[in-house]
Each structure stands twice: as C-alpha cells, then as structure tokens.
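This report concerns only the one structure given below.
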Protein chains: 2
Amino acid sequence: MLTIGKLSDAAGVKVPTIRYYEQIGLLPAAERSTGNQRLYGAAVRDRLAFIRHARDLGFPLEAIRDLLSLSDNPAQSCAAADRIAQSQLLAVEGRIARLMALKSELERMVAQCAGGSIADCRVIECLGNHAHCTTDHGRELAEVSE
Amino acid sequence: MLTIGKLSDAAGVKVPTIRYYEQIGLLPAAERSTGNQRLYGAAVRDRLAFIRHARDLGFPLEAIRDLLSLSDNPAQSCAAADRIAQSQLLAVEGRIARLMALKSELERMVAQCAGGSIADCRVIECLGNHAHCTTDHGRELAEVSE
DNA sequence: ATAATCTCTCTAGTAACTAGAGGTTCAAGG
DNA sequence: CCTTGAACCTCTAGTTACTAGAGAGATTAT
C-alpha cells in the first residue's frame, strides 16, 4: 500500500491535489492506516494516472469525471468517450488557430520596437489601438484567454 | 461623457468587468454624476481599449498593469514594454507547441475508436496508460492547461 | 528518545471574472 | 407630473483547479 506521498511521486500529482480530487469525488475516499493516514492500492494509482494524463491533454475535470464514469461501466458503447475526445479535439484546434494569429501579431509588435522611448513604442501603440495593426482578426481573438 | 453602459458598448468590455477593473486599480476611480453613477471620458475609453486588446492577446492583467504604468510615463525607454511583449510571445509559442502535440494525440485517439464497447475503447485505454500512446511528449504537456 | 519528515484537517488565497440580491436613478411615454 | 422600465448602484458569493499555510498528530531514522 502506498502513502499519499508515494502515490504523489508515482503519479506525478501533488499531494494536496490528490486530497482535492478525493474531496470533489474524482477519487474514492481512501482507506486509512491506524494513524488515520491515507493508503492507496494500484487501482487508485491507475485512476490517478488516467486523471493526470487527461488533465495534461487539457480535458476539464468535468469531462474527466464523465470519462471515469464511462470506464467504471465498461459495458457501454464508446460513443460517449469518443464524443468527449472529439469535442476536446475541436477546442484544441480552435485554440491553436487563435494562438497562431496572436503569435503573428506579437511578432510584428516586437519586430517594430524601435528601441527608443515609450513615446514611439509600437508595442504600446499597437496595444492602444487595434486599428494600427496590419492583420485584422479582432473578434476571433476574443476567446483566446479562456 | 459616457455612462458605464455606453463605455461597455464602445470598448467591448462588459459592465461588471469595468467595475472590476476599477476595483483592482487598472482603471482610475470614475467621476460620478449627481446620482452617483459613473461617468467616463475619452481617455478612459482608450485605456480600456488598450486593456481589452492586451487581454485578447493573452496578456495577464499583471503584465497589463505594467504596460499601463509604462505608457503613463512615456519618457522612459521602451525596453521594458518590449520585454513584456517578448515574454508573452515566448509563452504563446510554447502553448502552440504543446497544443500541437496534444492535437496529434487526440487525433490518434479518435481515429482508433473502434465504435465498439468501452472495453476496447482506445480513448479510455490511452488516457489510462500513457505508455500505450505512440508519441512521447509526457513532461512537456504538463503545463498545457495553464 | 528524539529529531526530521510526513501526514492530518481546515481555512483562505489565486486569476479574472460572472451571477445574483436588493435597492436607486434616469429617460421616455401618457 | 407621474409612472414604468431600463440601466445603474453596492455587496456578496460562486466559478476552475488548484496552492499555500497554520497547527497538530503520525512515522521513520538515528
């Protein structure tokens, strides 16, 4: 049996995060030692690896909760899991597109920096007035920072 | 003079967000009408447009706060503004790289979905065990969801 | 036995807002 | 002039996914 610290090392998830996952019901309430410390077996370690990997892939915890409930009932169709992954893929593609536009604008801003005083600084100027920017991608940037 | 609602429309920033920006000191405390309602002039409208555009570009509010203090003292060198924009550019490039890796993994997961039951579902399986994935980009995905 | 390290619970803080309650002010129509 | 409805006010609390810290108990190493 693993203590929470060992589990943390094994799964690459910080100790308070593990307790947090238990608190919100992503992980089951852990067994306890005589001294009230949490003890974990391999099943929880795998479940935590699942969560961690899905988080790395950008899945929100709610989607992960859904995926876990799917894998807890393995008789179902995988259509739902596929749907979740699909929508995540779409979101990622959208994020990439917006970040690319953003990157080119930032590159232009940095390239135009005259090295002079703020008064002539293109960075400030461009941020102050989007009309000064050569590219036009106003609205589609709106959700970049989501 | 603009009321907060007009300013909101003019700058594309929601009313509660404007009040929030005032609260955290990004915008100066507004003038008030006799009935205690906020009134704004063109200077604040421009400042808000600046904030909004920078937010669209993914700058965190703290970076925006720095940029604003720079543009409030226009005699300085623009090196600091450039540095902020540079670091934002770097962050964006990193995010793009990680999202691209993520995208290919999601695509593979979706492509492998057999349409069968959860028991054979590659989506679940791949999420459960990163070793099953063909690409190897473990650690560099760690900050994707920041 | 004692010191160092873990672990426990609980509260509060983070970013950047958003939502809602409960009350006031303003502009327009009758 | 009066009323209605929209817009405004303040304040609190909720969101996501954690992170940090306090103060106390448990375990491990020497």
Side-chain angles (χ1 to χ4, degrees), chain A residues 1-27 29-40 44 47-48 50-68 88 91 95 141-146, chain B residues 1-27 29-40 44 48 50-68 87-88 91 95 141-146:
Chain A
M1 293 299 243
L2 301 164
T3 63
I4 198 170
K6 307 292 180 190
L7 177 64
S8 168
D9 292 345
V13 175
K14 290 184 191 142
V15 167
T17 304
I18 296 171
R19 288 196 278 249
Y20 170 72
Y21 286 163
E22 178 181 320
Q23 188 195 320
I24 65 172
L26 274 190
L27 293 178
E31 288 178 58
R32 298 301 181 111
S33 73
T34 51
N36 197 36
Q37 301 197 346
R38 289 173 179 82
L39 293 176
Y40 298 95
V44 171
R47 192 180 182 89
L48 188 55
F50 180 105
I51 295 171
R52 154 107 224 246
H53 190 197
R55 286 294 297 133
D56 283 350
L57 290 171
F59 287 81
L61 288 183
E62 277 317 299
I64 295 172
R65 197 188 291 278
D66 293 346
L67 287 168
L68 282 169
Q88 185 63 18
R95 267 194 262 170
L141 281 170
E143 296 164 45
V144 153
S145 47
E146 272 173 9
Chain B
M1 292 300 242
L2 300 164
T3 63
I4 199 169
K6 308 291 181 191
L7 178 65
S8 168
D9 293 345
V13 175
K14 290 185 192 142
V15 168
T17 305
I18 296 172
R19 289 196 276 249
Y20 170 72
Y21 285 164
E22 177 180 321
Q23 190 195 319
I24 64 172
L26 273 190
L27 293 178
E31 287 178 61
R32 298 301 180 112
S33 73
T34 50
N36 197 36
Q37 300 197 347
R38 288 173 179 82
L39 292 176
Y40 299 95
V44 171
L48 189 53
F50 180 105
I51 295 171
R52 163 117 215 229
H53 191 198
R55 285 296 296 133
D56 284 350
L57 290 172
F59 287 79
L61 287 184
E62 276 317 298
I64 295 172
R65 196 188 291 278
D66 292 346
L67 287 168
L68 282 169
S87 81
Q88 183 62 16
R95 266 193 261 170
L141 281 170
E143 294 163 47
V144 155
S145 46
E146 272 172 10

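- Residue Arg52(B) contributes atom CZ, which lies 15 Å from atom P of dA16(C) at whole-angstrom precision.
- One atom, CD of Glu22(A), and another, C1' of dT9(C), lie 12 Å apart when rounded to the nearest Å.
- In this model, the phosphate group of dA16(C) is not approached by any side-chain N or O of Tyr21(B) to a distance below 4.0 Å at OP1 or OP2.
- Ile4(B) comes within contact range of the sugar-phosphate backbone alone, with a heavy-atom separation under 4.0 Å but no base atom that close.
- Counting heavy atoms from C-beta outward, Ile64(B) and Tyr21(B) have side chains that stay 4.5 Å or more apart.
- Regarding Tyr20(A), its OH atom lies at a distance of 14 Å from the C1' atom of dG13(C), rounded to whole Å.
- Of the candidate nucleotides dA26(D), dT19(D), dC8(D), dA26(D) has the atom lying nearest to any side-chain atom of Gln37(A).
- Residue Leu2(A) contributes atom CG, which lies 15 Å from atom C1' of dT7(C) at whole-angstrom precision.
- In terms of position on DNA chain D, the residue among Thr34(A) and Gln23(B) whose nearest nucleotide sits closer to the 5' end is Gln23(B).
- Side-chain contact between Arg32(B) and Gln37(B) is absent, with no heavy atoms from C-beta onward closer than 4.5 Å.
- The side chain of Thr3(B) contributes no N or O atom lying less than 4.0 Å from OP1 or OP2 of dA7(D).
- In this structure, Ile18(A) atom CD1 and dC8(C) atom P are separated by 10 Å, rounded to whole Å.
- Between Thr17(A) and dT19(D), a side-chain N or O to OP1/OP2 separation shorter than 4.0 Å is present.
- Regarding Ile51(A), its CD1 atom lies at a distance of 16 Å from the P atom of dT16(D), rounded to whole Å.
- In this structure, CE of Met1(B) is placed 21 Å from P of dA7(D), rounded to the nearest angstrom.
- The CZ-C1' distance, from Arg65(A) to dA17(D), rounds to 12 Å in whole Å.
- For Arg38(A), no side-chain nitrogen or oxygen approaches OP1 or OP2 of dT7(C) to under 4.0 Å.
- The side-chain heavy atoms of Leu48(B) and Arg52(B), taken from C-beta on, include no pair separated by under 4.5 Å.
- Between Ser8(B) and dA7(D) there is no side-chain N or O to OP1 or OP2 distance below 4.0 Å.
- Where Asn36(A) and Arg32(B) each meet DNA chain D at their nearest nucleotide, the meeting point lying more 5' is that of Arg32(B).
- Salt-bridge formation is detected for the pair Arg65(B)/Glu62(B): a Lys NZ or Arg NE/NH1/NH2 atom is positioned less than 4.0 Å from an Asp or Glu carboxylate oxygen.
- Under the 4.5 Å side-chain criterion, counting only non-hydrogen atoms from C-beta, Thr3(A) is in contact with Lys6(A).
- Contact annotation: Arg19(A) side-chain N/O to dT11(C) OP1/OP2 distance is not under 4.0 Å.
- Residue Lys14(B) places at least one side-chain N or O closer than 4.0 Å to OP1 or OP2 of dT18(C).
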